[in-house]
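The next block holds one structure in the form of structure tokens; read it before the comments.
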Amino acid sequence: GLAGMLLVSDDEERALGLPGGDHELVCVLQDRRFDAQNQLTYLSAGMMDQMHGFVGDRLLVNGRIAPVVDVASRGYRLRLLNGSSSRVYKLEWSDGTPLTIIGSQGGLLERPRPQRYLTLAPAQRADVFVDFSGRAVGASVELRSAAFPASDVDRTAGAMGGMGRGSGSANGAALSLMTFRVARQEASSYRLPPRLATYGSSWAQNDAAPVRRIPISIAAGQWLLDGRTFDMMNAAPEEEVRAG
């Protein structure tokens, strides 16, 4: 299906002066399959797709395969969305540079957070700052998805040894997504601020609050929450909570 972005901002975010315009790049990551007529196909593997979830063998960024994006030697803001049906991405830069995470599902983080990898499950979003100012014109770096065991995200795949999947199309395969190429020098004095957002006391973690653990499992092809299937009309006693 189609996927797109709704970008939401506020006065606090605008005051940071984060890269915008041509320096803010929206990247929707999707995997797809195409037939001999170059038409999209879905669930072509039948039961295997239904068991494991649809995973395509062609990787698209904004509808393009392995795009090369020309950038300037300055900072950019990347808005990332996993628009795939079932594929999980373990994102990394090809040269090992940490990804600088500045936002996630709920908006900006309190502070920038460098990470070696960034994992995005389907429909998850992330806001990333990348600085190309230290790179020479002509240099390039790839955004990749690093390999990881398929059983980390698909228990049935682990139990069946990944049956029915080629290594290039399996969930967890190493993938090259897109390339950023420094095409021009561009002076910029922008520096990412050490604090991005301020959260009031209402956001503080309450260590005294009761914790309820709900194990997720699968049996006989049915997903279970604490050993129960979902009931549209009722809630078990342990599923009821008091306000506050």
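Computed from a predicted model, the values in this text were never measured in an experiment. Values below: every heavy atom of this structure, side chains too, minus hydrogens, waters and symmetry copies.
Under a hydrophobic clustering in which Ile, Leu, Val, Met, Phe, Trp and Tyr are joined whenever their side-chain heavy atoms come within less than 4.5 Å, directly or via other members, L192 and L80 fall into different clusters. Neither V28 nor L78 shares a network with the other; the hydrophobic side chains, linked directly or stepwise wherever heavy atoms of I, L, V, M, F, W or Y lie under 4.5 Å apart, form separate groups for each. Note on L81 and L60: separate hydrophobic clusters, where clusters join Ile, Leu, Val, Met, Phe, Trp and Tyr whose side-chain heavy atoms are under 4.5 Å apart, directly or indirectly. I102 and L143 fall into different hydrophobic clusters, where Ile, Leu, Val, Met, Phe, Trp and Tyr residues are linked whenever their side-chain heavy atoms come under 4.5 Å apart, directly or through other members. In the hydrophobic clustering of this structure, W223 groups with L225; members are Ile, Leu, Val, Met, Phe, Trp, Tyr whose side-chain heavy atoms approach within less than 4.5 Å, directly or through other members.
Using a 4.5 Å cut-off on side-chain heavy atoms (C-beta onward), V141 and R181 make no contact. Side-chain contact between T100 and V130 is absent, with no heavy atoms from C-beta onward closer than 4.5 Å. At a threshold of 4.5 Å between non-hydrogen side-chain atoms, the residues E13 and V8 do not count as touching. Looking at heavy atoms from C-beta onward, L29 lies in side-chain contact with Y89 at the 4.5 angstrom threshold. No side-chain heavy atom of Y76 sits under 4.5 Å from any side-chain heavy atom of F129. Contact annotation: the side chain of Y190 approaches that of P19 to within less than 4.5 Å [non-hydrogen atoms, C-beta and beyond]. A 4.5 Å side-chain heavy-atom check between I101 and L118 finds at least one atom pair inside the cut-off. Here the side chains of Q115 and P98 are not in contact, with every heavy-atom distance at 4.5 Å or above.
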One pair to check against side chain to side chain contact (heavy atoms under 4.5 Å, CB included): F148 and V153. What are the steps and the verdict? CA-CA 9 Å; F148 60 88; V153 296; 4.0 Å; yes

Test side chain to side chain contact (heavy atoms under 4.5 Å, CB included) on R213 and V211 and set out the steps. CA-CA 6 Å; R213 303 191 184 280; V211 175; 4.2 Å; yes

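Distance alone, capped at 3.5 Å, places no donor-acceptor pair between the S133 side chain and the R74 backbone. Panel note: side chain Q222, backbone A219; no donor-acceptor pair is recorded below 3.5 Å. At least one donor-acceptor pair under 3.5 Å links the side chain of R125 to the backbone N or O of A123. Counting only distance, with no hydrogens or angles, the side chain of N171 and the backbone of S86 share a donor-acceptor pair below 3.5 Å.
With salt bridges taken as basic N to acidic carboxylate O contacts below 4.0 Å, none links E12 and R195. Between R144 and D95, no side-chain nitrogen of the basic residue sits less than 4.0 Å from a carboxylate oxygen of the acidic one, so the salt-bridge criterion is not met. A salt bridge links D31 to R87: one of the charged nitrogens lies within less than 4.0 Å of a carboxylate oxygen. Between R228 and E239, at least one side-chain N (NZ, or NE/NH1/NH2) sits under 4.0 Å from a carboxylate O, which counts as a salt bridge. Using a cut-off of 4.0 Å between Lys/Arg side-chain N and Asp/Glu carboxylate O, E24 and R79 are scored as salt-bridged.
For V26 against N62, the heavy-atom pair with the smallest separation is O-ND2, 2.7 Å. Closest heavy-atom contact between R32 and G83: NH2-O, 4.1 Å. The two residues A183 and V137 come nearest to each other via the heavy atoms O-CG1, 3.8 Å. Taking both residues in full, the closest heavy atoms of A170 and V55 are given as C-CG1, 4.3 Å, listed atom of the first, atom of the second, then distance. Between L108 and L196, the closest heavy-atom pair is CD1-O, 4.1 Å. The minimum heavy-atom distance linking P193 with L16 is given by the pair CG-CD2, 3.9 Å.
Around the CZ atom of R58, the shell of radius 6.0 Å holds no more than 12 heavy atoms that belong to other residues, nucleotides or ligands. The local environment of CG in D35 is crowded, with over 12 non-hydrogen atoms from other residues, nucleotides or ligands closer than 6.0 Å. Within a 6.0 Å radius of CD1 in I65, more than 12 heavy atoms belonging to other residues, nucleotides or ligands are found.
Once rounded to the nearest 0.5 Å, the distance linking CG of D127 with OG of S104 reads 9.0 Å. Atom-to-atom distance recorded for L91:CG and T119:OG1 is 7.5 Å, nearest 0.5 angstrom. A distance of 7.5 Å separates CD in Q124 from CG in N82, rounded to the nearest 0.5 Å. Atom-to-atom distance recorded for S140:OG and F132:CZ is 10.0 Å, nearest 0.5 angstrom. Note that the CD atom of E142 and the CE atom of M178 stand 10.5 Å from one another [nearest 0.5 Å].
Side-chain atoms of S84 and Q30 include no donor-acceptor pair closer than 3.5 Å. Checked by atom type, the side-chain pair E186/S73 shows no donor-acceptor distance below 3.5 Å.
Checked against the 6.0 Å centroid threshold, F54 and Y42 count as a close aromatic pair. For Y117 and W93, the gap between ring centers reaches or exceeds 6.0 Å.
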